[in-house]
K.L.:
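The structure follows.
Not measured: the values here are computed from a predicted model. Numbers here simply count residues along the sequence, with the first being 1. What you see below is based on every heavy atom in this structure, not just the backbone, and it leaves out hydrogens, waters and symmetry mates.
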Amino acid sequence: MTTPAIQWYPGHIAKAEKALLSQLKLVDVVLEVRDARIPLSTHHPQVPHWIGNKARVLVLNRMDMIPTPMRNRWTEWFQTQGEEALFTDAQHGKGIEAIAQAAQNAGAQMNQRRHDRGMLPRPVRAVVLGFPNVGKSALINRLLKRRVVESARRAGVTRQLRWVRISDQIELLDAPGVLPSKLNDQEAAFKLAICDDIGEAAYDNQRVTSTLIDLIKGLQATTPDAISGNPLRSRYELDPAEFTGESYLHALAEQKYQNDVERTARQILNDFRKGILGSIALELPPD
């Protein structure tokens with residue numbers, strides 16, 4: 001099955017990126033939010049350049065969607081890179097206090113530097129950065145303890161930059177999702193599509209689903225602690241062991257969905273995205 005390469009860079013993202021870069025000079029702390037299922041694929045390569053020497057808090061959201069052993073492995077791997085990864089489940093409010101505390105700690109250091117220069121303290125200004133649909137707005141609502149910004153499990157909901165005040169100590173800039181203008185790594189692009197972190201118009205559901213099935217099969221064979229059991233067999237009563245991803249998709253369509261392959265692909269993707277297939281880590285820490 002061959003389709004064009006996955007590319008997605010809509011006009012509102014290009015416009016928002018320009019506005020974001022103009023606001024970054026006002027920011028003290030960057031909260032970089034990634035998808036815990038694909039922490040490497042949801043890292044924007046320009047983020048280190050954009051933030052320079054500013055304080056940065058690394059947030060891996062959707063921790064509920066990967067097995068605990070994988071969370072531990074990622075924590076250890078980021079430590080070897082000199083980074084601390086803070087895991088959250090913004091949808092259910094888990095891990096939020098640690099994020100607020102990390103932002104406040106960074107702000108305290110900023111205000112100490114202001115004090116040393118004879119300047120008065122001020123609220124710390126933080127920006128929430130990340131790919132579309134990694135949970136930035138849900139995280140902001142949890143930090144605010146009320147629903148202030150629109151949040152939904154689809155890419156492209158936030159389209160404008162806006163400042164919101166969390167407390168007397170912290171102001172947050174809610175920014176639309178950013179992503180590279182060209183997705184050169186197509187393996188990563190497929191993972192973004194599987195996790196619904198780019199717009200649906202950018203990809204072919206059947207090809208993306210076939211890739212997901214192959215990824216699940218590979219994890220079962222090589223890294224069982226990255227996946228819960230045999231989710232495809234458990235969910236659809238069809239074992240993927242004897243199939244390729246593409247042939248499994250067609251066999252399942254024939255068996256359960258009146259040969260409607262597109263409907264079958266959408267069902268599998270939806271089940272994965274809603275966690276119905278269980279916790280699955282699509283990326284492993286590099287060796």
K.L.:
So do Tyr248 and Ile216 actually touch side chain to side chain, heavy atoms under 4.5 Å?
P.N.:
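Not in contact.
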K.L.:
I need the minimum non-hydrogen distance between Leu219 and Ala281, along with the two atoms involved.
P.N.:
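Heavy atoms only, the tightest pair is CD1-O, 3.3 Å.
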K.L.:
Sequence neighbours left out, what passes side chain to side chain contact (heavy atoms under 4.5 Å, CB included) with Ala251? Give chain and number order.
P.N.:
Leu238, Phe243
K.L.:
Let me know which of Thr42, Leu192, Asp196, Asp35 forms a side-chain contact (heavy atoms from CB on, under 4.5 Å) with Asn133.
P.N.:
Asp196
K.L.:
Would you give the length of the straight line joining atom NE2 of His12 to atom NZ of Lys15, rounded to the nearest 0.5 angstrom?
P.N.:
11.0 Å
K.L.:
Pair Asp225, Arg73 - check salt bridge (charged side-chain N to carboxylate O under 4.0 Å, His left out), show working.
P.N.:
CA-CA 10 Å; Asp225 63 349; Arg73 283 180 59 178; 3.6 Å; yes
K.L.:
Determine, stepwise, if the pair Ile99 / Val59 fulfils side chain to side chain contact (heavy atoms under 4.5 Å, CB included).
P.N.:
CA-CA 8 Å; Ile99 307 302; Val59 182; 3.6 Å; yes
K.L.:
Are the side chains of Leu172 and Val127 in touch, meaning some heavy atoms are under 4.5 Å apart?
P.N.:
no
K.L.:
Over all heavy atoms of both residues, which pair between Met70 and Pro285 is shortest? Give the atoms and the distance, please.
P.N.:
CE-CD, 3.8 Å
K.L.:
Answer yes or no: is there an ion pair linking Arg37 with Glu283, defined by an N-O contact shorter than 4.0 Å?
P.N.:
no
K.L.:
When you compare the side chain of Ser210 with that of Leu249, does any pair of heavy atoms fall below 4.5 Å?
P.N.:
yes
K.L.:
At their closest point, which heavy atom of Ile66 faces which heavy atom of Ile280, and how far apart are they?
P.N.:
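Nearest heavy atoms, Ile66 then Ile280: CG2-O, 3.9 Å.
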K.L.:
What distance do Leu31 atom CG and Thr88 atom OG1 have between them, rounded to the nearest 0.5 Å?
P.N.:
10.0 Å
K.L.:
Among pairs that include at least one residue of residues 176-188, which meet side chain to side chain donor-acceptor pair (under 3.5 Å), considering only residues two or more places apart or in two chains?
P.N.:
none
K.L.:
Would you check if Gln220 and Ile227 make a side-chain contact, meaning some heavy-atom pair closer than 4.5 Å?
P.N.:
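The answer is yes, as the side chains (C-beta and beyond) meet within the 4.5 Å cut-off.
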K.L.:
Would you say that Leu60 contacts Leu58 through its side chain, given a criterion of any heavy-atom pair below 4.5 Å between the two side chains?
P.N.:
yes
K.L.:
For the OG1 atom of Thr244 and the NZ atom of Lys217, what is their distance to the nearest 0.5 Å?
P.N.:
7.0 Å
K.L.:
Taking all atoms of both residues into account, what is the closest heavy-atom pair of Pro231 and Gly229, and its distance?
P.N.:
CD-O, 3.3 Å
K.L.:
Under the side chain to side chain contact (heavy atoms under 4.5 Å, CB included) rule, what do Met65 and Ser279 come out as? Steps first, then yes or no, please.
P.N.:
CA-CA 5 Å; Met65 301 191 80; Ser279 53; 5.6 Å; no
K.L.:
For Asn61 and Ala90, indicate whether the former's side chain and the latter's backbone hold a donor-acceptor pair under 3.5 Å.
P.N.:
yes
K.L.:
Return a table of donor-acceptor pairs under 3.5 angstrom between the side chains of residues 19-29 and protein atoms on other chains or two or more places apart.
P.N.:
{"unit_1": "Ser22", "atom_1": "OG", "unit_2": "Ala19", "atom_2": "O", "d": "2.6"}
{"unit_1": "Gln23", "atom_1": "OE1", "unit_2": "Trp163", "atom_2": "NE1", "d": "3.1"}
{"unit_1": "Lys25", "atom_1": "NZ", "unit_2": "Ser22", "atom_2": "O", "d": "2.5"}
{"unit_1": "Asp28", "atom_1": "OD1", "unit_2": "Arg122", "atom_2": "NH2", "d": "2.8"}
{"unit_1": "Asp28", "atom_1": "OD2", "unit_2": "Arg122", "atom_2": "NH1", "d": "2.8"}
{"unit_1": "Asp28", "atom_1": "OD2", "unit_2": "Arg122", "atom_2": "NH2", "d": "3.4"}
{"unit_1": "Asp28", "atom_1": "OD2", "unit_2": "Arg125", "atom_2": "N", "d": "2.8"}

K.L.:
Sequence neighbours excluded, which residues qualify as ring-ring contact (aromatic ring centres under 6.0 Å, His included) partners of Tyr203?
P.N.:
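If we apply the ring-ring contact (aromatic ring centres under 6.0 Å, His included) test to Tyr203, skipping adjacent residues, there are no hits.
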K.L.:
Taking the basic N atoms (NZ, or NE/NH1/NH2) and the acidic carboxylate oxygens, is any pair closer than 4.0 Å for Asp271 and Arg235?
P.N.:
yes
K.L.:
With the side chain counted from C-beta on, respond yes when Ile194 and Leu215 share a heavy-atom pair under 4.5 Å apart, and no when they do not.
P.N.:
yes
K.L.:
Suppose we screen for side-chain hydrogen bond (donor to acceptor under 3.5 Å, both in side chains). Which residues come up paired with Asp214, at least two apart in sequence or across chains?
P.N.:
none
K.L.:
Please name all residues satisfying side chain to side chain contact (heavy atoms under 4.5 Å, CB included) with Arg263, sequence neighbours left out, ordered by chain then number.
P.N.:
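Here the qualifying residues are Tyr257, Gln258, Asp260.
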K.L.:
When you look at Asn111 and Val124, which way does the side chain to side chain contact (heavy atoms under 4.5 Å, CB included) test go after all the steps?
P.N.:
CA-CA 8 Å; Asn111 274 319; Val124 59; 5.6 Å; no
K.L.:
Atom CD1 of Ile198 and atom CZ of Phe190: how far apart are they, to the nearest 0.5 Å?
P.N.:
9.5 Å
K.L.:
Hey, could you give me each pair passing salt bridge (Lys or Arg N to Asp or Glu O under 4.0 Å) that has a residue in residues 52-61? Not counting sequence neighbours.
P.N.:
Glu32-Arg56, Arg56-Glu83
K.L.:
With rounding to the nearest 0.5 Å, note down the distance linking OG in Ser234 to CG in Asp239.
P.N.:
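Here the rounded value is 9.0 Å.
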K.L.:
Compare every heavy atom of Trp8 with every heavy atom of Ala202, then report the nearest pair and how far apart it is.
P.N.:
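Closest approach of Ala202 to Trp8, heavy atoms only: CB-CB, 3.6 Å.
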K.L.:
Using a strict threshold of under 4.0 Å (side-chain N to carboxylate O), is an ion pair present between Arg233 and Glu237?
P.N.:
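No salt bridge links Glu237 with Arg233.
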K.L.:
Would Phe87 and Lys94 satisfy side chain to side chain contact (heavy atoms under 4.5 Å, CB included), going step by step from the backbone distance to the final call?
P.N.:
CA-CA 8 Å; Phe87 282 87; Lys94 296 178 182 176; over 6 Å; no
K.L.:
For Asn105, check side-chain hydrogen bond (donor to acceptor under 3.5 Å, both in side chains) against everything at least two apart and list the hits.
P.N.:
Gln101
K.L.:
Who passes side chain to side chain contact (heavy atoms under 4.5 Å, CB included) against Arg142, sequence neighbours left out?
P.N.:
Ile96
K.L.:
Between Phe131 and His44, is there a side-chain heavy-atom distance shorter than 4.5 Å?
P.N.:
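Contact flag for His44/Phe131 side chains = yes.
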K.L.:
With no hydrogens and no angle check, do the side chains of Glu262 and Gln206 hold a donor and an acceptor under 3.5 Å apart?
P.N.:
yes
K.L.:
So which atom in Pro123 and which in Asp168 form the shortest heavy-atom distance, rounded to 0.1 Å?
P.N.:
CG-O, 3.4 Å
K.L.:
Can you sort out the partners of Gln7 under side-chain hydrogen bond (donor to acceptor under 3.5 Å, both in side chains), two or more places apart, ordered by chain and number?
P.N.:
none
K.L.:
Please examine the side chains of Ile38 and Asp197, heavy atoms only from C-beta on, and report whether any two atoms are closer than 4.5 Å.
P.N.:
yes
K.L.:
When rounded to the nearest 0.5 angstrom, what is the spacing between CD in Glu200 and CG in Leu269?
P.N.:
8.5 Å
K.L.:
Could you pull out all residues at least two apart from Gln169 that satisfy side-chain hydrogen bond (donor to acceptor under 3.5 Å, both in side chains)?
P.N.:
Ser167
K.L.:
Hey, is the main chain of Pro121 close enough, under 3.5 Å, to the side chain of Arg114 for a donor-acceptor pair?
P.N.:
no
K.L.:
Applying side chain to side chain contact (heavy atoms under 4.5 Å, CB included), can you list everything that pairs with Arg113, at least two apart in sequence or on another chain?
P.N.:
Gln109, Met110, Arg117
